[in-house]
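Computed over heavy atoms, backbone and side chain alike; hydrogens, waters and symmetry mates excluded. Proteins get letters first, then strands, A, B, ... in listed order; numbering begins at 1 in each.
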Number of protein chains: 2
Amino acid sequence: MAKTGDPARAVTGPALSALEFALDRSSPVPLYYQLAQQLEAAIEHGALVPGNLLGNEVDLSVRLGLSRPTVRQAIQSLVDKGLLVRRRGVGTQVVHSQVRRPLELSSLYDDLEAAGQGPTTQVVRKEVVAASADVAAALGVAEGGEVTVLERLRLTHGQPVAVLCNYLPTTLLDLDSARLESTGLYRVMRASGITLHSARQTVGARSATREEADRLDEEEGAALLTMWRTAYDDTGRPVEYGTHIYRASRYAFDFQLLVRP
Amino acid sequence: MAKTGDPARAVTGPALSALEFALDRSSPVPLYYQLAQQLEAAIEHGALVPGNLLGNEVDLSVRLGLSRPTVRQAIQSLVDKGLLVRRRGVGTQVVHSQVRRPLELSSLYDDLEAAGQGPTTQVVRKEVVAASADVAAALGVAEGGEVTVLERLRLTHGQPVAVLCNYLPTTLLDLDSARLESTGLYRVMRASGITLHSARQTVGARSATREEADRLDEEEGAALLTMWRTAYDDTGRPVEYGTHIYRASRYAFDFQLLVRP
DNA sequence: TAGTGGTCTAGACCACGGA
DNA sequence: CCGTGGTCTAGACCACTAT
């Protein structure tokens, strides 16, 4: 709908043709990835307006000196991110914006940090215990077997936000309390060479007990958000089981979904 | 870990070589998709056990009479679904299971139906109103402009589960109350040719007001799950804005996340 | 009919991981 | 070292959409 340049060619690929793409073939970064990043930057920066057609893939590949499959791979990655839409017989166009980052395996610490909330963490408990039935089932260990339990209180601006209780296979990694107080659990795990792959989450709510209310500086009976999560590494083995509670008055889950056709 | 057949060849691709794949080149279904479906079925069915290597892509393509890029495309789609993991220098293996369906733009109706909860719906309100500021912002219409508001009560086993309040652009589609009572809103929208593409959701919690408690058969102050959602079609235009409340005692959000590398 | 994306081929070289 | 997946090429034909 937005006119850009020569109206006679407005449909076939206006804004894109004015853009410069710098591809470095000597870089270890794949060409399709370089192109995808620059396209994404152009969209983010506003050089490509929502609704704009991208120009056909063949022309684009010729202009860039790439093969069409390589160009397609770049475009596809942005389609997967929800930034572009392909239409057969029409072309590829920029989505009408408002769409943002896709849902990720969210780290509360990262979320708060990104929001400029200056999170801090207190490690309340860190010890090896016998696995209860639910923990054993989630982590795939024997009931009564050893697991590490980690309990933390997360705060922003000195106010408590959540109580995080996590169970991990004892053999998995060394948990350094100091590091856990300065960053999130997931970063510590990643730094230990664990590549997180997927997670199963359940989000619910309930009223705070007397004890929970005290710890979170709420009234008894206040609404709490609850989350259970089991996270898996890239071989599909469970690496973490957590039961978290959040002050609903100070936190909500916010995320983006994409529909897979 | 599971032994399958000749132990001497157990590493290179045992289970797969015994499988038959039937590819129909005259079918309109793409070859990579046929292969992906049959691989997925083999995993679901247990013919491919978690941890099994798939055998290298070159051999597989020769055996199937396909090019390697086509085989890669099939495998990639299962990697995207979280069923397979690729490891350079090692091979492609089946994930250790437990991973299930990825997160989708969930329809409460479909969720309940899939769980065998026999959902029913009462359309409480359906009319054209002037858009308030938040609705106007979410749907991208002028404040005070016309929007359709739809309010429904969702029940399972005759018990109320949620109050669903949705706002839609008035021009978008005809809402048939009878159809809305027998299925979900998203199915009605899809049937009207609207292809949902993405959504932004916020999930929180709060205590029930007197009125909310009455409608949901809860006590005043009971914990409620809340959800705001704006859904977009494939051009990125907002097509629905909803504010939902759920009885936390009877419902929780359950979903699967995948980490994008 | 003309133009677009969707699919597919038959090769090639490279980077990484394990033995 | 060798085998694996990761990337890339230069074509080809088809299906769908708009005019």
Next on the checklist: According to side chain to side chain donor-acceptor pair (under 3.5 Å), who are the partners of A:Ser67, at least two apart in sequence or on a separate chain?
Outcome noted: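 A:Ser67: side chain to side chain donor-acceptor pair (under 3.5 Å) contacts with A:Thr70.
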
Checklist entry - Residues two or more places apart in sequence or in another chain: which of them pass salt bridge (Lys or Arg N to Asp or Glu O under 4.0 Å) with A:Glu57? => result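 Testing A:Glu57 for salt bridge (Lys or Arg N to Asp or Glu O under 4.0 Å), a comparison that skips the adjacent residues, returns A:Arg68, A:Arg72, A:Arg86.
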
Checklist entry - Residues two or more places apart in sequence or in another chain: which of them pass salt bridge (Lys or Arg N to Asp or Glu O under 4.0 Å) with A:Arg87? => result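 Salt bridge (Lys or Arg N to Asp or Glu O under 4.0 Å) check on A:Arg87 returns B:Asp234.
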
Item to check | Listed once per pair and sorted, the side-chain hydrogen bond (donor to acceptor under 3.5 Å, both in side chains) pairs that draw on residues 27-37 of chain A, sequence neighbours left out | outcome: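 Every pair satisfying side-chain hydrogen bond (donor to acceptor under 3.5 Å, both in side chains) with a residue in residues 27-37 of chain A: there are none.
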
Item to check | Pairs touching residues 22-37 of chain B that satisfy salt bridge (Lys or Arg N to Asp or Glu O under 4.0 Å), sequence neighbours left out | outcome: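 Not a single pair qualifies under salt bridge (Lys or Arg N to Asp or Glu O under 4.0 Å).
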
Item to check | Per-nucleotide protein contact string for nucleotides 5-14 of chain D, where B marks a base within reach and S marks sugar-phosphate only (heavy atoms under 4.0 Å, - for neither) | outcome: BBBSBB-B--

